[in-house]
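Next up is a structure, given as structure tokens.
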Amino acid sequence: MALISYRTFSNADPPRLVDLWHACQLGRGAATGFSTDAFEFFNFSQRYFDRRGLIVATNGSQDLVGMAHAGFGPNAEKNATDHGKGVICATLVRPEYRRQGVGRELVGRAETYLRQSGATAVLAGPAAPYDPFYVGIYGGSRPTGFLESDADASPFFGALGYEAVERYAVLQRPLTGKDPVNFRLATLRRKTELVVDVRPRKPNWWWVTRYGRMETLRFVLRGKSGGPTYAAVTVVGLDLYLPRWRERVIGMLDVEVVREHRRKGYGQMLIAEVCRRLREELINLAEVHVSEANAAGLRLFQSVGFKPVDAGVVYRKVLADAAG
């Protein structure tokens with residue numbers, strides 16, 4: 001068996017990291033077929049990328065056999081990173097090198113990096129706001145932990161002392177089906193209109209670093225003739241998933257219904273109208289991630305035909321030094 005060595009990221013690594021990504025067969029929630037340029041654009045070109053947080057494992061011939069990538073979420077103002085809580089965004093090991101301790105060593109080194117940088121607890125699996133890397137490449141419409149379709153994640157992190165702390169439902173709806181029809185929606189359709197705003201709502205530095213790099217549109221449901229705003233949602237293009245899913249897909253983010261207009265059907269109307277508009281643009285599939293603790297959000301999307309296809313899980317571990 002080849003001797004495994006560990007080191008931090010070097011400038012020659014990106015093409016080999018892309019090869020490693022595709023070799024690891026991460027499942028339905030991982031984009032595939034993309035170039036080294038795309039991988040660098042979403043990860044290594046971030047201003048907060050720290051080469052010390054990306055640890056790679058190599059064999060005797062210096063081929064990459066594994067990697068772990070750790071980073072940090074934003075501060076309260078979302079204008080800088082906060083090193084108080086770290087996140088392991090990715091852990092990859094080539095299939096032929098699994099169950100040999102490579103993944104365990106990579107995660108241990110990532111934890112050491114986070115601890116030395118100031119973290120007292122570690123999340124495993126990126127999810128907003130702790131999602132500095134792999135937005136647009138892993139998870140689909142947004143990263144929400146490690147997906148259950150990656151069957152090795154749960155037993156692996158459980159064996160390392162991590163506990164599941166949050167779950168997200170991954171819901172999809174084919175846009176070729178019929179839209180929901182009921183009296184309330186017919187009434188709302190007569191008094192509302194759907195408009196497009198190319199600007200994100202209250203953009204901040206943290207949002208721009210991730211979703212500002214992707215094609216996004218904000219759909220706003222408002223009263224006709226300049227009436228009040230009732231609800232809004234941001235959609236993001238998922239072009240990098242076309243080779244895997246074989247369909248044109250958009251993700252839905254940041255659904256918001258104005259407080260005084262909730263429980264009146266405006267959220268349902270918004271999502272139904274956005275799906276109809278996207279179908280006219282030859283989009284085949286829509287996806288959204290909703291925390292399983294958000295019962296109202298789950299009911300909203302299920303009411304307009306979204307069905308669960310996967311789930312994301314975020315794991316947490318208190319670092320040993322912090323526990324003392």
Side-chain angles (χ1 to χ4, degrees), residues 28-29 73 85 87 123-131 135 138-150 153-154 157 162-175 177-189 192 194 201-202 207 211 218-222 228-236 238 249-276 278 285-316:
R28 57 155 300 280
K85 184 183 290 185
V87 55
L123 300 174
Y130 299 97
D131 54 351
V135 172
Y138 184 80
S141 57
R142 69 189 322 157
T144 47
F146 290 123
L147 296 176
E148 287 190 337
S149 53
D150 294 337
S154 179
F157 284 103
Y162 285 80
E163 295 183 356
V165 293
E166 190 165 13
R167 287 177 55 88
Y168 294 83
V170 180
L171 308 170
Q172 290 184 345
R173 176 191 162 180
L175 300 184
K178 294 182 179 180
D179 296 323
V181 177
N182 59 55
F183 177 76
R184 183 163 69 169
L185 289 186
T187 301
L188 293 179
R189 185 170 287 113
T192 61
L194 189 70
R201 178 183 179 274
K202 297 180 180 179
W207 191 93
Y211 294 102
R218 186 166 179 260
F219 287 92
V220 179
L221 184 72
R222 70 182 187 187
T229 294
Y230 298 116
V233 62
T234 297
V235 301
V236 57
L238 300 179
V249 188
I250 63 91
M252 293 189 177
L253 313 169
D254 305 328
V255 179
E256 180 182 19
V257 180
V258 177
R259 182 177 297 276
E260 58 267 32
H261 298 300
R262 293 175 184 172
R263 300 182 180 177
K264 298 179 181 178
Y266 290 109
Q268 188 183 40
M269 183 68 191
L270 168 72
I271 303 305
E273 286 297 292
V274 169
C275 288
R276 183 180 62 82
L278 293 172
L285 189 69
E287 179 181 283
V288 66
H289 294 211
V290 182
S291 170
E292 291 188 356
N294 182 0
L298 290 172
R299 287 195 300 270
L300 166 62
F301 282 97
Q302 290 169 348
S303 73
V304 289
F306 282 77
K307 298 184 183 302
V309 296
D310 207 339
V313 184
V314 177
Y315 306 86
R316 184 178 184 271

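We're numbering straight along the sequence, starting at 1. The figures that follow rest on heavy atoms only: side chains count, while hydrogens, waters and symmetry mates do not. This structure is a prediction, so every number in the text was calculated from the model and none was measured.
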Next item on the list: Only counting residues at least two apart or in another chain, list the ones meeting side chain to side chain donor-acceptor pair (under 3.5 Å) with Tyr266.
Entry: Lys191
Item checked: Nearest atoms (heavy-atom pairs only) where Ser141 meets Gly251 ->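 So the minimum-distance heavy-atom pair works out to CB-CA, 3.4 Å.
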Margin query: Just verifying a value: how many Å separate Leu147 CG and Ser154 OG, rounded to the nearest 0.5 Å?
Written below: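 Result: 12.5 Å between the selected atoms.
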Next item on the list: Determine the minimum heavy-atom distance between Glu287 and Gly139, stating which atoms define it.
Entry: OE2-O, 3.5 Å
Check: Looking only at heavy atoms, what is the nearest atom pair of Gly145 and Ala127, with distance?
Finding: N-CB, 3.8 Å
Next item on the list: Give the minimum heavy-atom separation between Val233 and Leu253, together with the two atoms involved.
Entry: CG2-O, 3.4 Å
Notebook entry, point to check: At what distance, to the nearest 0.5 angstrom, does OG1 of Thr144 lie from NE2 of His289?
Noted result: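 One gets 4.5 Å once the value is rounded to the nearest 0.5 Å.
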Next item on the list: State, to 0.1 Å, how close Ala169 and Glu292 come at their nearest heavy-atom pair, and which atoms those are.
Entry: N-CG, 3.8 Å
Next item on the list: Find out whether Leu270 and Tyr230 are in side-chain contact, i.e. whether some heavy atom of one side chain is under 4.5 Å from a heavy atom of the other.
Entry: no
Notebook entry, point to check: Which heavy atom in Gln268 sits nearest to a heavy atom in Val304, and how many Å separate them?
Noted result: CG-CG1, 3.4 Å
Notebook entry, point to check: Rounded to the nearest 0.5 Å, how far apart are CG of Leu285 and CG of Leu238?
Noted result: 9.0 Å
Tabulate below the donor-acceptor pairs under 3.5 Å that side-chain atoms of residues 254-263 make, not counting sequence neighbours, or state none.
from   : atom 1 : to     : atom 2 : distance (Å)
Glu256 : OE1    : Arg201 : NE     : 3.2
Arg262 : NE     : Val257 : O      : 2.9
Arg262 : NH2    : Val257 : O      : 3.4

Next item on the list: Starting at CZ of Arg222, measure out to CG of Leu194 and round the result to the nearest 0.5 Å.
Entry: 10.0 Å
List the atom pairs, donor and acceptor, that lie under 3.5 Å between side-chain atoms in residues 306-316 and the rest of the protein, sequence neighbours left out.
from   : atom 1 : to     : atom 2 : distance (Å)
Asp310 : OD1    : Ser149 : N      : 3.2
Asp310 : OD2    : Arg28  : NH1    : 2.9
Asp310 : OD2    : Ser149 : OG     : 2.5

Next item on the list: Flag the pair Tyr211 / Arg142 as yes when at least one side-chain heavy-atom distance between them is below 4.5 Å, and no otherwise.
Entry: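 Of all side-chain heavy-atom pairs linking Arg142 with Tyr211, at least one is under 4.5 Å.
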Notebook entry, point to check: Can you tell if the side chain of Asp131 reaches within under 4.5 Å of the side chain of Val87, non-hydrogen atoms only?
Noted result: no
